[in-house]
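Chain letters run A, B, ... following the sequence lines, proteins first, then strands; residues in each count from 1. Just so you know, these numbers come straight off a predicted model, no measurement behind them.
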Amino acid sequence: MTTSRTVTVTVNGVAHTRTVPVKLLLSEFLREHLGLTGTHVGCGQGMCGCCTVMVDGQPVKSCLMLAVQADGSQVETIEGLARDGQLHPLQEAFIACGAVQCGFCIPGMVMTARALLDQNPQATEGEIREELGNNLCRCTGYVKIVAAVQRAVQAMAVGKAGRGG
Amino acid sequence: MPWLCTGPGLLALAKSYRCERGVPVALPDFQYFCPSTLDEAMALLASHEGAKLLAGGQSLIPLLSMRLAQPSAVIDISRLSELRYIREVTREEDGHLVIGALTTHREVETSPLVRRRCPVLAEAGGLIGHSHIRLRGTLGGSLAHADPAAELPVTCVLTGATLVLVGPGGQRRVAADNFFLAPFMADLAPGELITAVEVPFIAPGTGAAFRELTLRRGDFALVAAGALVEPGPGGTVAAVRIAVGGATPVPVRTYAAEAAGRGRPAGPDLWRELGRLAAEELAPDSDIHATAEYRREMAAVYVRDALATAYARAGGYDDH
């Protein structure tokens, strides 16, 4: 069958085996098939970044990927950041800084920041601003979002130090 | 639908897409194949007329979302690691990079080999969209897509790159100069795909620069200019190459401006003059992003700027 496929996608640590239309986008798969609606669809053209998730450790615009392309992959969405009820330092920072207005861009912003800090835990303001170019925000002017990511950089450095490395 | 598959048709609709008037709807139906070897991919391409190749998907999937492309089949070659590499061929006369078609923009942008041998390619590649696009978008995909406002096509024209194509008839090599036929139309015969791009080294002592005018960082270029400047004796210019993208249906070299630069004293006056000459050689388009007059005026500015920067870099590459 070449118009549908059975794929296994591990999302936030849970493997899901589903038969899906080949034309189903990863964003649609996450939202509509798995009910993970934290990943938003803003433009559907890969320009706004609201749909940003991690696939195999890399940030990806999920509206620019077919679900079948994630077969065998590890996907992390915004829902996967908190562990055992404990918010991720990025989530805590966004709340503490008041970085959320309408909230539509925020999951994508957080995932972009998460991908950045994975690669570059000591990201500077300039580097943060550069990476957040992947994501559009119409509300905030980015000011508190940048501050939140900077706050998370600090918090995660302290957290590492606290755990002895 | 046939008109939509033509260059002008696709251009008209793609312009509306870039104007963001396009509204994504459910993707059209297509068959999907995920070959594990290049041979398998070629067999599929040959047997499915109207198939499109899926590489990074950063251009194709939006086209599918907005039904600007309605292929009968999508052949996913994104996992063909055999086409993902950056190598060099060091020969005295014509040393060049060989870059596999599925190499991502991010790999081109950050490659120490590219930065050493052809830094302008890394510079241009680094201006594509934003980093997430560059993590998945590919060199071959960008060239095959042949967007007039894209960064890599004009850079390939600037550097005199050669595309290596493979199809049912075997291997074919096409100069970048001849590869781009019309907006979104490249010299790819049915069943052909790009396997690699050969990019000549920038000679030591020659400076290179790429500049583009965008409304916002990461946008497609309204005008893009690439320049190579080889200094001559006594503060003159031995040779100069200029390529302009974004302004005309395909990226172009501005040969009259290049000829006018030969042997002349280097300096701001020359860059300004060559910028103006280059702009006069262009027949730019007007669209909702910019008028032809604006594109021509900005081409003069950006060519001037690229030349000045290239000259400043000559003899020692910036680590940009």
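Applying the ring-ring contact (aromatic ring centres under 6.0 Å, His included) criterion to A:F104, with sequence neighbours excluded, gives A:H40.
A:R114 has no carboxylate O lying under 4.0 Å from a charged side-chain N of A:E131, or vice versa, which leaves the two without a salt bridge. Between A:E130 and B:R217 there is a salt bridge, since a side-chain N of the basic residue sits under 4.0 Å from a carboxylate O of the acidic one. Using a 4.0 Å cut-off between charged side-chain N and carboxylate O, B:K52 and B:D76 make no salt bridge.
Note on A:G49, A:P59, A:C63: by heavy-atom pairs under 4.5 Å with chain B, the leading option is A:P59.
When heavy atoms are compared at a cutoff of 4.5 Å, A:K23 approaches chain B by way of both its backbone and its side chain. For B:L60, no part lies under 4.5 angstrom from a heavy atom of chain A. For a residue to count as touching a neighbouring chain, one of its non-hydrogen atoms must lie under 4.5 Å from one of that chain's; by this rule A:L25 touches chain B with the side chain only. With a threshold of 4.5 angstrom between heavy atoms, A:T52 approaches chain B through side-chain atoms but not through N, CA, C or O.
Using a distance-only test at 3.5 Å, with no hydrogens or angles considered, no donor-acceptor pair links the side chain of B:R84 to the main chain of B:G100. Within the 3.5 Å criterion, the main-chain N or O of B:A208 finds a donor-acceptor partner in the side chain of B:R313.
A donor atom on one side chain and an acceptor atom on the other are not found under 3.5 Å apart for A:T19 and A:S4.
With contacts defined as side-chain heavy-atom distances shorter than 4.5 Å, the pair A:V75/A:N12 does not qualify.
Taking 4.5 Å as the heavy-atom cut-off, the residues of residues 33-46 of chain B that approach chain A are B:F33, B:C34, ordered by number.
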